[in-house]
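A quick write-up on the structure given underneath.
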Amino acid sequence: MGQIRLETRLVGDIKGRFFLPAYQRGYRWGLEEVRLLLDDIFTNASRAYCLQPVVVKNLGDRYELIDGQQRLTTIYLIYAYLHRTSGGFLPGAKFSLEYDTREKSAEFLKNIDPQMADDNIDFFFISQAYRFIEEYFEEKGDKKQSFLTDINKFFDQTVSVIWYEVPDDASGIDLFERLNIGKIPLTSSELVKALFLREDAAGEMSGRQEEIALQWDNMERDLSDPSVWAFLTNAKAEDYPTRIDLLLDLMADKKRDTREKYHTFFYFDKEITRRRLEGQPQALDFTWKDIYHTFLTLKEWHNDHDFYHKIGYLISSGFMSLRDVYELWKDGDTPRRKDEFTSEVDNAIRRSIASCADLGSLRYGPAKDNAAIERLLLLMNVETERKMDAGRRRFPFDKHKEGDWSLEHIHARHSEGLATNEKRRVWLRDHAESLRNLASPEGNELAALLDNLAENIEHNPEIRQVKEQFEPLRERTVKMLSDPADNDNNEEDYPHRLGNMALIDRRDNTALSNYVFDAKRDKIINLDRDGRYIPVCTKMVFFKYYSSGDTHLHFWGDKDRKSYFSAIEEILADYLPAPTEDTTDNTADNATA
C-alpha cells in the first residue's frame with residue numbers, strides 16, 4: 001500500500017478540481033455551522049490557525065473528496081461572496097467542486113440564483129448558506145469592507161486546512177463510511193503518526209519507520225491495559241478513540257477546555273517545523289524520541305511499586321492530574337532525579353490531606369468534611385495495599401474506578417430511607433438473621449417478631465400502619481445489636497465520626513445505609529463472595545482486623561472505633577500534619593468518644 005501525504009495547506013493555496021462521488025450526500029450545513037466557521041476564523045486567524053482535515057485521494061487530473069465537503073463548500077461560498085460583493089476586486093476560489101450524480105449542483109455553485117432554491121435539496125442548502133454568509137458580513141455595518149479584506153488576507157496568510165491525502169490504492173468509500181457513517185473521526189494521534197510514517201519522511205527517519213510503527217502499536221497496546229490506563233487517568237476509555245492520544249495530549253499541553261480539536265497535531269507539526277528551522281537534520285527522529293521517552297517514563301512510574309501507588313492515589317483522588325504530576329517531574333526543562341521526585345510526590349500527598357490535621361474533628365455531613373474523609377480513606381486503602389505482602393500486592397485502580405464511591409456508616413442507628421413497606425420487609429428479614437446469630441433467648445424472641453411482621457408485609461404488601469409496628473421493633477433491634485456502652489452514649493454525633501466511616505460503592509450503600517454492623521457485615525461478605533470489589537480496608541473493618549481481641553463479634557462499638565481510628569493514624573503517619581499541642585488533646589478526646 002502507498003504512503004499518506006500529510007501537511008497543513010493555506011486555504012488560499014487550495015487549487016484544483018474536487019470530485020464528489022455518488023456515495024457522498026449533498027451539502028447540508030445550516031446557519032449554526034456556517035456562523036461557527038466564520039466566528040472561528042475571525043477569532044483565531046490573527047495567528048496561525050488550522051481548520052479540520054480535508055481528506056482526499058489523488059486521481060491524477062482531480063481529487064476525490066472523501067471528507068471535508070461541508071467545510072470546503074462553505075469556503076467556496078465565502079470566496080464567491082467576496083468576489084461578487086467586491087465587484088471582482090477580491091478573488092474567488094482557486095478550486096472547483098464537481099459531482100458524480102448531480103451535475104446541476106456544480107453549475108448552481110458557480111452561479112447562485114436564490115430564485116432556484118426550491119428546485120432541489122442541494123440548491124436549497126447552498127442558497128441558504130450563501131444567504132447566511134451575506135447576513136454575517138452585512139451585520140458588520142461600516143466595518144464590512146475591512147472584514148471582507150481581512151478574511152481574504154487570513155485565507156492567504158494564516159488559515160490552513162489539514163491536508164490528508166490517502167494512498168491512491170485506498171478505498172475512498174471505506175474511509176468515508178468510517179469517518180461519516182461510523183462517526184469515527186480522524187484523531188490527532190492518527191495525524192501525528194502520519195507525520196512520521198509518510199513517504200517523504202523516510203530519509204529524515206533514518207530508515208526507522210517500520211520500527212516506529214511497531215513501537216506505536218506497542219504503546220497503544222500497553223496504554224490499553226486497564227491497570228495502566230486507570231493508573232494514569234480518571235478519564236473513561238471511551239473518551240479516547242486511541243489511548244496514545246492521552247500521551248500526545250500530555251506532551252502538547254492540551255487542556256480539557258481546548259476548543260481546537262486538533263490542537264495536539266498542530267503542536268507536533270509546529271515542533272517539527274521549529275526544529276527544522278533551527279537546523280536539526282533529524283527533526284522528526286528527535287521528536288519521536290521525545291514521544292517514546294515520555295511513554296517509557298509513564299511506564300516506569302507504573303512499574304515502580306511506590307510510584308504506582310503514590311501517583312495513582314494523587315490522580316484517583318482528583319488532587320492532581322497526570323499533567324500536574326508530569327510538570328512536577330519535569331521541573332522546567334530538566335527532569336528531577338528519582339529521589340527528588342519521590343520527595344515532591346510525598347509532599348503532594350501531604351498537601352492533599354492537609355485539611356485533616358485534626359482527624360478527631362472530622363464529621364460526616366458537611367461537604368468539605370465528607371470530601372476530606374473520602375480522600376483520607378482512599379489513601380488509607382492505597383497505602384495498605386502498598387505495604388502489604390512485601391510489595392507483591394497492588395491497589396486495583398481499575399476496579400476502584402469502576403465504582404461510584406461514597407461514605408458508609410459502619411454501624412447505623414437510624415432509619416432514614418426506610419419509607420416503603422418493601423424496604424422495611426427486607427430490613428426485618430436481614431436483621432432477624434443477625435438477632436439469631438446472638439444465640440440468646442431474647443435475640444431469638446425478637447427475631448421471631450421481626451419475621452412475623454416481614455411475613456405479614458410479604459402476604460399483604462399494601463398493609464397499612466406498618467411504620468407504627470416497625471419502628472419499635474427497629475429500635476429494640478438496633479439496641480440489641482449495638483455496643484451496650486453506645487446505648488447510654490448521649491453524644492448525638494459519635495456515629496458520624498471518622499471511626500465509624502468506610503468506603504462503599506454507592507450502588508451498595510443504598511441497600512446498606514440503614515443496617516447495623518452485624519447485618520451489614522453479612523451483606524459485605526455476600527458481595528465479596530459474588531466477586532464485587534470491596535476496598536481492602538472496608539473488608540478489614542467488617543472482618544474486625546483492626547479491633548482488639550476482646551470486642552464483641554456482632555457489635556461495632558467504642559473499642560472498635562478507637563482501634564480503627566488508631567490504625568488510620570498509624571497507616572497515614574508519614575503524611576498527616578504534625579499536630580499542635582491543642583490538636584493532640586482534641587484528637588485524643590474525640591478518638592475515645
Side-chain angles (χ1 to χ4, degrees), residues 4 6-8 48-53 55 160-164 179 184-198 201 204-205 208-226 228-276 280 282-302 311 315 320-330 333 335:
I4 290 169
L6 176 66
E7 64 186 37
T8 54
Y49 178 67
C50 201
L51 303 175
Q52 294 186 18
V55 182
S160 305
V161 297
I162 300 172
W163 183 267
Y164 192 84
L179 297 173
I184 305 174
L186 279 172
T187 64
S188 271
S189 66
E190 288 179 280
L191 297 172
V192 172
K193 184 179 182 181
L195 289 173
F196 298 101
L197 301 185
R198 61 191 180 183
E204 202 172 336
M205 292 307 299
R208 295 181 56 230
Q209 285 181 308
E210 287 189 12
E211 176 189 346
I212 287 170
L214 179 61
Q215 288 178 333
W216 186 281
D217 291 342
N218 288 339
M219 287 193 295
E220 181 65 26
R221 182 201 62 213
D222 287 350
L223 291 170
S224 296
D225 182 333
V228 176
W229 185 258
F231 160 69
L232 293 173
T233 179
N234 295 331
K236 295 180 180 179
E238 53 264 32
D239 293 339
Y240 285 81
T242 56
R243 305 296 178 83
I244 204 169
D245 278 292
L246 178 72
L247 169 68
L248 301 177
D249 288 350
L250 174 68
M251 296 182 67
D253 195 26
K254 181 181 179 182
K255 304 294 193 298
R256 289 184 64 86
D257 58 352
T258 301
R259 283 187 59 191
E260 196 170 53
K261 181 177 179 181
Y262 293 99
H263 168 94
T264 297
F265 165 72
F266 302 144
Y267 166 82
F268 283 102
D269 188 47
K270 291 173 185 175
E271 181 67 11
I272 292 165
T273 301
R274 178 189 66 78
R275 284 179 157 163
R276 285 173 178 154
Q280 287 190 20
Q282 302 294 324
L284 272 174
D285 200 21
F286 280 110
T287 303
W288 174 254
K289 287 177 180 177
D290 285 347
I291 293 173
Y292 196 60
H293 181 263
T294 302
F295 166 75
L296 292 178
T297 298
L298 301 185
K299 280 284 287 182
E300 180 185 350
W301 294 349
H302 176 267
I311 293 173
I315 293 173
M320 296 182 81
S321 65
L322 177 60
R323 183 176 314 286
D324 297 328
V325 177
Y326 181 68
E327 293 300 329
L328 190 68
W329 168 74
K330 280 181 63 178
D333 295 327

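Treat the numbers as computed from the prediction; the structure is a model and nothing was measured. In this chain, numbering begins with 1 at the start of the sequence shown. The basis for the numbers below is simple: all heavy atoms, side chains too, and nothing from hydrogens, waters or symmetry mates.
- Taking each heavy atom of Leu223 and Phe295 in turn, the nearest pair found is CG-CE1, 4.2 Å.
- Residues Leu298 and Leu250 have side chains in contact (heavy-atom distance under 4.5 Å, counting atoms from C-beta outward).
- Taking the salt bridge (charged side-chain N to carboxylate O under 4.0 Å, His left out) definition, one finds that Glu7 meets it with Arg5, Arg9, sequence neighbours left out.
- Note that CG of Asp245 and CD of Glu190 are 8.5 Å apart. Values are rounded to the nearest 0.5 Å.
- Under the side chain to side chain contact (heavy atoms under 4.5 Å, CB included) test applied with Leu248, the options Leu191, Thr242, Val192 reduce to a single match, Val192.
- Atom CE of residue Met251 and atom OH of residue Tyr267 lie 6.0 Å apart, to the nearest 0.5 angstrom.
- Annotation: side-chain hydrogen bond (donor to acceptor under 3.5 Å, both in side chains) contacts involving residues 289-299, sequence neighbours excluded, comprise Arg275-Asp290.
- Between the CD1 atom of Ile272 and the NZ atom of Lys270 there is a distance of 13.0 Å, given to the nearest 0.5 Å.
- Contact record, Leu328 with Met320: CD2-CE, 4.2 Å, taken as the closest heavy-atom pair.
- Here the NZ-CZ distance, from Lys193 to Phe268, works out to 15.0 Å after rounding to the nearest 0.5 Å.
- In this structure, the ring pair (Phe, Tyr, Trp, His ring centres under 6.0 Å) partners of Phe196, at least two apart in sequence or on a different chain, are Trp288.
- Listed here is the closest heavy atom pair of Ser188 and His263: OG-N, 4.4 Å.
- Applying the side chain to side chain donor-acceptor pair (under 3.5 Å) rule to Asp324 yields the partners Ser321; only residues at least two apart in sequence or on another chain are considered.
- Rounded to the nearest 0.5 angstrom, Tyr262 OH and Thr8 OG1 are separated by 14.5 Å.
- Considering every non-hydrogen atom in both Trp301 and Tyr326, the closest pair reads CH2-CA, 4.1 Å.
- Here Arg274 pairs with Glu271 in a salt bridge; the nearest charged N to carboxylate O distance falls below 4.0 Å.
- The two residues Leu247 and Met219 make their nearest non-hydrogen contact at CD2-SD, 4.1 Å.
- The side chain to side chain contact (heavy atoms under 4.5 Å, CB included) test with Cys50 singles out one residue from Val161, Asp269, Ile162, and that residue is Ile162.
- A distance of 6.0 Å separates NE2 of His302 from CG of Asp225, quoted to the nearest 0.5 Å.
- Taking both residues in full, the closest heavy atoms of Ser189 and Ile244 are given as CB-CG2, 3.4 Å, listed atom of the first, atom of the second, then distance.
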Show me the donor-acceptor pairs, under 3.5 Å and distance only, between side chains in residues 230-240 and residues at least two apart or in other chains.
{"residue": "Thr233", "atom": "OG1", "partner": "Ala235", "partner atom": "N", "Å": "2.9"}
{"residue": "Asn234", "atom": "OD1", "partner": "Lys401", "partner atom": "NZ", "Å": "2.8"}
{"residue": "Asn234", "atom": "ND2", "partner": "Ile315", "partner atom": "O", "Å": "2.7"}

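- Checked against ring pair (Phe, Tyr, Trp, His ring centres under 6.0 Å), Tyr164 has no partners two or more places apart in sequence or in another chain.
- Using modelled atom types, no side-chain atom of Arg243 and backbone atom of Glu220 make a donor-acceptor pair closer than 3.5 Å.
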